Amino acid sequence: MKRSLAITVLCTAVALVISAQAKDVPKDVQQSLISLDKQWGEAGGDTAKLEKIIGDNLLAVGTKGEAQDKKEMIADNKAASAGVQNASYVADEYKFEMLSPDVVVMTHRGTTKGMENGKEVTESHRSLHVFQKRDGRWQVVANAQLPIAK
């Protein structure tokens with residue numbers, strides 16, 4: 001019960017901050033963030049690519065509700081992509097809110113398909129990313145990902 005209340009309060013606070021401060025996100029910024037998201041989805045377990053995309057002080061919630069830092073998220077990405085061949089990643093339904101010129105919140109749906117142990121596998125999820133521009137480049141500084149039920 002306490003956890004549900006805390007999550008409700010947190011979501012309400014984020015929604016209030018977003019609605020009070022949100023601005024339209026320029027198209028070029030949207031395209032940059034979509035490109036970065038697709039690079040992330042296609043990176044699989046490539047640690048070097050993930051290191052560039054994910055900020056050092058990442059705060060994240062994994063697919064099972066667990067808290068994650070950067071190291072844990074990269075390990076989770078590697079584990080999820082292990083054993084999957086010919087993986088493809090498609091994302092759509094992007095929505096954006098700009099909290100400041102250097103902070104953007106994005107949501108989207110993502111679907112990964114591939115072959116595992118000779119069988120086709122498909123995984124779909126909704127993601128919430130917070131991007132921050134640091135030293136001239138965008139990085140994910142907060143993330144939550146929830147599986148979409150089949």
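Since the model is a prediction, treat every value here as computed from it, not as a measurement.
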Exercise. Please report the C-alpha distance between Ile34 and Tyr94 in whole Å, then the side-chain angles of each, then the deciding distance to 0.1 Å, and finally whether the side-chain contact (heavy atoms from CB on, under 4.5 Å) criterion is met.
Key: CA-CA 8 Å; Ile34 288 171; Tyr94 287 100; 3.9 Å; yes
Could you tell me whether a side-chain N or O of [X] sits under 3.5 Å from a main-chain N or O of [Y], the two making a donor and an acceptor?
| X | Y | answer |
| --- | --- | --- |
| Lys133 | Val103 | no |
| Ser81 | Gly45 | yes |
| Asp76 | Glu72 | no |
| Gln139 | Lys52 | yes |
| Ser32 | Asp28 | yes |

Would you say the side chain of [Y] lies within less than 4.5 Å of the side chain of [X], judging by non-hydrogen atoms?
| X | Y | result |
| --- | --- | --- |
| Thr47 | Glu51 | yes |
| Ile74 | Ile54 | yes |
| Ile148 | Arg126 | yes |
| Arg134 | Val141 | yes |
| Val105 | His129 | no |

Self-check item: Derivation and outcome, side-chain contact (heavy atoms from CB on, under 4.5 Å), residues Leu33 and Val104
Solution: CA-CA 9 Å; Leu33 298 180; Val104 174; 3.6 Å; yes
Exercise. Specify the closest pair of heavy atoms between Ala91 and Lys38, including all atoms of both residues, with the distance to one decimal.
Key: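 Minimum heavy-atom separation between Ala91 and Lys38: O-CE, 4.5 Å.
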Exercise. In sequence, state the C-alpha distance, the side-chain angles, and the governing distance for Gln31 and Ser35, and then conclude on side-chain hydrogen bond (donor to acceptor under 3.5 Å, both in side chains).
Key: CA-CA 6 Å; Gln31 291 306 313; Ser35 175; over 6 Å; no
Report the distance from atom [atom1] of [X] to atom [atom2] of [Y], rounding to the nearest 0.5 Å.
| X | Y | atom1 | atom2 | answer |
| --- | --- | --- | --- | --- |
| Trp40 | Ser127 | CH2 | OG | 6.5 Å |
| His108 | His125 | NE2 | NE2 | 5.0 Å |
| Ile53 | Leu58 | CD1 | CG | 12.0 Å |
| Tyr89 | Glu123 | OH | CD | 8.5 Å |
| Asn77 | Gln68 | CG | CD | 8.0 Å |
| Phe131 | Met98 | CZ | CE | 12.0 Å |

Quiz item: Are Val61 and Leu59 co-members of a hydrophobic cluster defined by side-chain heavy atoms under 4.5 Å apart?
Solution: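 Different hydrophobic clusters.
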Without placing hydrogens or testing angles, list every side-chain donor-acceptor pair under 3.5 Å for residues 111-120, not counting sequence neighbours.
residue	atom	partner	partner atom	Å
Thr111	OG1	Ser124	OG	3.0

